[in-house]
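Numbers for residues simply follow the sequence, beginning at 1.
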Amino acid sequence: MSRPTFSSGSRALPFRRSTLCLALWAGFVSVAGAQEQAAGSTPPPAAQDQSGDADIDSALDEILNGDIGNTAPAEAPAAAAAPADAATPPAAAPPAQVDATAPGPAEESFEELETIPVLAREQQEPQSLPEPSQRGQIEEIVVTATKREQSVRDIPMTVDVLTGDKLEQQGARELQDFVDQVPGLQIQDVAVTGSRKIVIRGIAPDNTTNQTVGVLLGDIPLGDPIGSYTVVDPDTWDLATVEVLKGPQGSLFGASSLAGVIRYVPQAPKLETWEGKAFTEWATVKDGGSAPTYGAALNLPVGSTLAFRLSGVSEQRPGIIDIDNPLRQEKDVDEARKWSGRAMVLWQPTDRLTVNAWYTAQERKADEAFYVTNFDADYTRYDAPQSSPTERYFDLSTLDVRYEFDWATLVSLTAYQTKQNRFDFDGSYALAAPLGELGLTVGRTKRDVDAKGMMQELRLVSPDGGDWTWQAGAFYSVYDASVASDIYTPVPLLPRLRAAFNLLPPALRDSVLSERGVSIGRQTLDPLEASEAALFGELSRRLGSVTVTLGGRLYSTEVSGVSTTSGLIPVLTTRELKSVEPLDVKDKGFSPKLAVAWQATDDMLVYGSVSRGFQYGGVNAVAIPNPNSAVPPTYKSSTLWAYEAGVRTDWLDRSLRLDLSAYYQRWSDAQVSQVAPPAEAYIDNVGEVEVKGVELSLRYLLPIEGLLLETSGGYLDSRTAAEFKDGDGEPVPAGSTMPNAPRLQASASLSYSRLFSDVWSTSTALQFSHNGFAWGSVQHQGRLEARNMLNFNFSLTRTDLSFIPTLGLIVNNITDERKMVSATKNAEDDTFADLVNWTVGYTRPRAVILRFGVDFK
């Protein structure tokens with residue numbers, strides 16, 4: 001249909017007349033389009049001549065002068081009526097707007113307006129206008145999960161999205177605060193190594209193995225490509241969204257996205273907009289401590305082409321672990337202190353050039369890790385005569401430059417990051433728990449990791465909206481780390497005893513002694529390097545209602561390192577004072593992707609996809625070696641093929657959304673952590689893993705205005721597909737359930753928002769989650785119990801002020817459920833009892849949070 005021309009000869013219509021004509025034309029276009037679709041053909045646009053323009057001008061003059069009561073309503077054409085089953089009302093101006101310039105009832109004026117000649121069409125039977133819909137519609141969420149802006153409803157894979165506003169209302173600060181809301185997503189912290197295992201759809205990394213899930217800030221990967229030394233957990237303050245992409249993302253995001261990706265997307269600076277927000281919280285944990293949190297964000301425009309956005313958070317996370325030991329009695333020793341900050345600048349000197357630069361940093365410290373050594377849900381440690389401090393830090397600098405050509409957008413993404421992870425754990429519970437309970441520290445484990453990384457990505461992205469869309473790019477990253485580990489026995493009188501040790505040969509003395517005490521086993525990886533180079537791309541073709549996407553990534557990876565081992569046990573077992581071993585492993589391959597999406601109706605999308613992901617291989621560095629063992633020096637990359645089919649549907653004028661997906665995954669050369677006697681921890685590739693599952697999600701705006709029901713759930717079966725032997729030589733049979741993979745997981749929330757008195761608004765939400773039981777290891781050791789969690793939040797907001805204050809109340813774990821969520825066995829042989837060598841994590845007890853925030857718009 002041709003674009004309308006609002007003119008009479010060479011004379012432009014006045015502003016009021018043009019506006020009214022534009023509104024009426026919008027209504028005509030929507031109605032005419034509906035009729036043409038019903039007729040099965042689209043007639044050519046009517047020619048516009050001078051007489052037609054004169055008729056329009058004359059009719060508009062009558063309307064704008066208020067003289068519209070002389071036209072009989074019977075002349076209103078049926079074309080002005082929308083079909084009875086229209087999803088949304090016509091785009092024409094509502095009756096109240098038209099009546100503002102004319103006397104008489106609004107309904108009569110609206111009917112009379114439709115006699116304007118430009119709307120005249122063939123004579124048809126008159127139809128009544130539909131009642132405007134009183135039901136709201138579920139809002140569309142636009143994400144950049146595919147490295148282009150796209151509605152989440154149009155992406156042919158499962159993407160769960162949590163908005164930053166929702167996370168703020170819940171008081172979420174870390175991943176563990178919202179992980180239960182995403183079906184198929186699990187986390188487990190491993191106390192003895194300080195690492196974290198993130199699991200999507202049953203593809204779980206084992207202790208110390210490479211991650212299977214990528215963590216990104218924007219498009220920048222934050223995880224270690226090898227070793228899982230530092231899994232960054234960004235604070236959720238001032239985020240736009242958190243996007244969980246399920247299934248392999250190897251074609252766009254490369255290694256470390258074997259099972260999926262978690263993307264933290266910050267709020268971007270806004271041009272010509274002054275705004276800010278701030279909050280303070282006070283959290284109290286049952287049987288634990290209390291602590292405050294503060295945060296602020298400010299958007300500062302400079303002229304029309306430059307804007308800054310600054311945000312920061314200072315948090316104290318209340319502790320709940322108590323120490324009861326003859327030499328140490330303390331309360332709430334696991335209290336964590338965290339700060340994070342972000343500075344961003346947006347410069348847009350022209351419509352074509354956009355430059356984004358930002359810097360973010362975060363640090364987290366605690367005097368004790370959040371774990372205990374019992375299976376009784378007792379948050380007290382009796383075998384910790386000394387503290388176990390941890391410290392994690394990361395910073396990231398990013399430069400994002402985009403230039404829009406007529407045919408594509410060129411994107412240059414450059415990033416540099418540094419990370420430190422340091423811990424010094426009291427390991428008395430693992431070596432000799434009875435002695436630890438008496439107050440004697442027999443062993444500690446210290447690790448210092450310093451890492452840095454750089455990445456560069458260049459890509460071309462086609463414009464949106466055409467039948468063909470594509471993107472192609474090149475990627476390069478390099479990672480460099482120094483890892484120093486020491487299992488040692490502290491000797492308080494070591495300076496005085498050093499004279500006695502001086503009787504030993506200097507080389508032997510240096511091998512078994514350090515400034516901390518006697519080294520049982522000391523190992524360093526320095527340097528430890530990893531690199532990835534890749535070419536990637538995606539091409540989509542729309543064929544009517546079907547869109548086909550082909551993608552792929554051609555990659556090459558390399559991991560190398562120099563392992564140096566010393567210490568008392570290595571000297572005794574290998575007869576060598578120090579062993580140095582260079583290690584190297586390379587891999588290359590191609591990860592393809594195929595996706596088909598069929599827009600069956602306006603309210604139904606059916607899709608299917610096949611994709612492949614890969615995971616870095618690596619090198620084994622054994623701190624306490626056994627010369628008679630057959631520990632492999634390296635382990636291979638693993639690959640995952642995933643097949644998914646799903647349907648997305650909208651119902652009841654898009655107030656109800658129901659989505660269903662089913663998937664099958666096959667993981668080859670899975671990486672599993674092994675322990676060979678006496679304490680040789682290493683990584684090996686074992687057989688295959690098969691995963692099958694379904695996921696269902698529903699969002700429903702109920703007939704009561706402001707009432708929203710959201711529910712989602714998943715069932716998965718993740719098992720080994722072939723038998724293998726663990727480090728003790730014991731068989732792990734085919735069909736063994738993979739760790740951290742509960743069969744059933746579900747969540748539901750009921751929220752209600754209401755505006756009253758024109759100045760006050762409230763928001764209330766009740767959220768429930770269920771996790772079925774799972775195993776802590778592939779050997780089925782450490783049963784993680786099923787748990788049900790219930791959370792509540794309420795907020796009251798004053799909306800008529802220049803600043804908008806909000807008072808909130810948040811209660812997490814209302815029923816004070818205390819269930820085991822992680823269990824790690826740190827050695828194969830129990831020395832004294834079944835509980836020795838285990839570290840156990842439980843859910844956090846009930847927490848009450850009072851929150852006060854203000855928004856400046």
For [X] against [Y], the heavy-atom pair lying closest together:
X	Y	answer
Pro234	Leu222	CG-CD1, 4.0 Å
Met455	Pro221	SD-CD, 3.6 Å
Leu396	Ile220	CD1-CG2, 3.7 Å
Pro742	Ala774	N-CB, 3.8 Å
Leu162	Val182	CD1-CG2, 4.3 Å
Ala259	Val213	CB-CG2, 4.2 Å

State which residues pass ring pair (Phe, Tyr, Trp, His ring centres under 6.0 Å) with [X]; sequence neighbours excluded, sorted by chain then number.
X	answer
His770	none
Phe394	none
Tyr663	none

Inset, instruction - Determine, stepwise, if the pair Val232 / Lys419 fulfils side chain to side chain contact (heavy atoms under 4.5 Å, CB included). - result: CA-CA 9 Å; Val232 176; Lys419 293 187 289 186; 3.9 Å; yes
Measure the shortest side-chain to side-chain distance between [X] and [Y] over non-hydrogen atoms and say whether it is less than 4.5 angstrom.
X	Y	answer
Tyr264	Val215	yes
Trp667	Val691	no
Val242	Val161	no
Val580	Val562	yes
Phe370	Arg844	yes
Leu185	Ile262	yes
Asp448	Phe423	no
Asp526	Leu528	no

Taking [Y]'s backbone N and O only, do any of them form a donor-acceptor pair with [X]'s side chain (distance below 3.5 Å, no angle check)?
X	Y	result
His780	Thr737	yes
Ser637	Gln615	yes
Ser718	Gly202	yes

Taking only residues two or more places apart in sequence, or in another chain, which ones meet [X] in a side chain to side chain contact (heavy atoms under 4.5 Å, CB included)?
X	value
Lys586	Glu558, Asp584
Ala721	Arg666, Glu688, Glu690
Ala595	Pro156, Thr549, Ser609

To the nearest 0.5 Å, what is the distance between [atom1] on [X] and [atom2] on [Y]?
X	Y	atom1	atom2	answer
Leu554	Leu535	CG	CG	6.0 Å
Lys636	Gln671	NZ	CD	10.5 Å
Asp334	Ser388	CG	OG	11.5 Å
Gln420	Thr418	CD	OG1	5.0 Å
Leu175	Asp235	CG	CG	12.0 Å
Leu784	Phe773	CG	CZ	9.5 Å

Legend entry - Asp426: salt bridge (Lys or Arg N to Asp or Glu O under 4.0 Å) partners, not counting sequence neighbours: none
Inset, instruction - Could you tell me which residues satisfy salt bridge (Lys or Arg N to Asp or Glu O under 4.0 Å) with Glu532, sequence neighbours excluded, listed by chain and number? - result: Arg553
Sequence-distant partners of [X], side chain to side chain donor-acceptor pair (under 3.5 Å), two or more places apart:
X	answer
Glu457	Lys147, Arg459
Glu243	Thr241, Arg263
Thr843	none
Asp717	Arg719

Could you tell me whether the side chains of [X] and [Y] share a donor-acceptor contact shorter than 3.5 Å?
X	Y	answer
Tyr635	Asn210	yes
Tyr488	Asp424	yes
Gln186	Gln745	yes
Ser638	Asp669	no
Ser251	Ser591	no

Legend entry - Crowding at NZ, Lys819 (>12 non-hydrogen neighbours, <6.0 Å):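 Yes.
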Charged N to carboxylate O below 4.0 Å: is that the case for [X] and [Y]?
X	Y	answer
Lys446	Asp486	no
Arg201	Glu695	yes
Lys246	Asp160	yes
Lys593	Glu538	yes

Inset, instruction - Determine, stepwise, if the pair Val478 / Glu529 fulfils side chain to side chain contact (heavy atoms under 4.5 Å, CB included). - result: CA-CA 7 Å; Val478 61; Glu529 298 176 338; 5.8 Å; no
Inset, instruction - Evaluate the criterion side chain to side chain contact (heavy atoms under 4.5 Å, CB included) for residue pair Val821 and Tyr842; output intermediate values, then yes/no. - result: CA-CA 5 Å; Val821 295; Tyr842 289 93; 5.7 Å; no
Inset, instruction - For this output row, return yes or no: ring centroids of Tyr555 and Phe590 closer than 6.0 angstrom. - result: no
Inset, instruction - Go through the steps for Thr564 and Gln523 under the test side chain to side chain contact (heavy atoms under 4.5 Å, CB included), then give the verdict. - result: CA-CA 6 Å; Thr564 303; Gln523 185 265 335; over 6 Å; no
Legend entry - Worked verdict on Tyr616 versus Gln211 for side-chain hydrogen bond (donor to acceptor under 3.5 Å, both in side chains): CA-CA 9 Å; Tyr616 268 103; Gln211 285 294 327; over 6 Å; no
Legend entry - Candidate list Asp233, Val179, Ile187, test side-chain contact (heavy atoms from CB on, under 4.5 Å), partner Glu174, passing option: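 Single side-chain contact (heavy atoms from CB on, under 4.5 Å) partner of Glu174 among Asp233, Val179, Ile187: Asp233.
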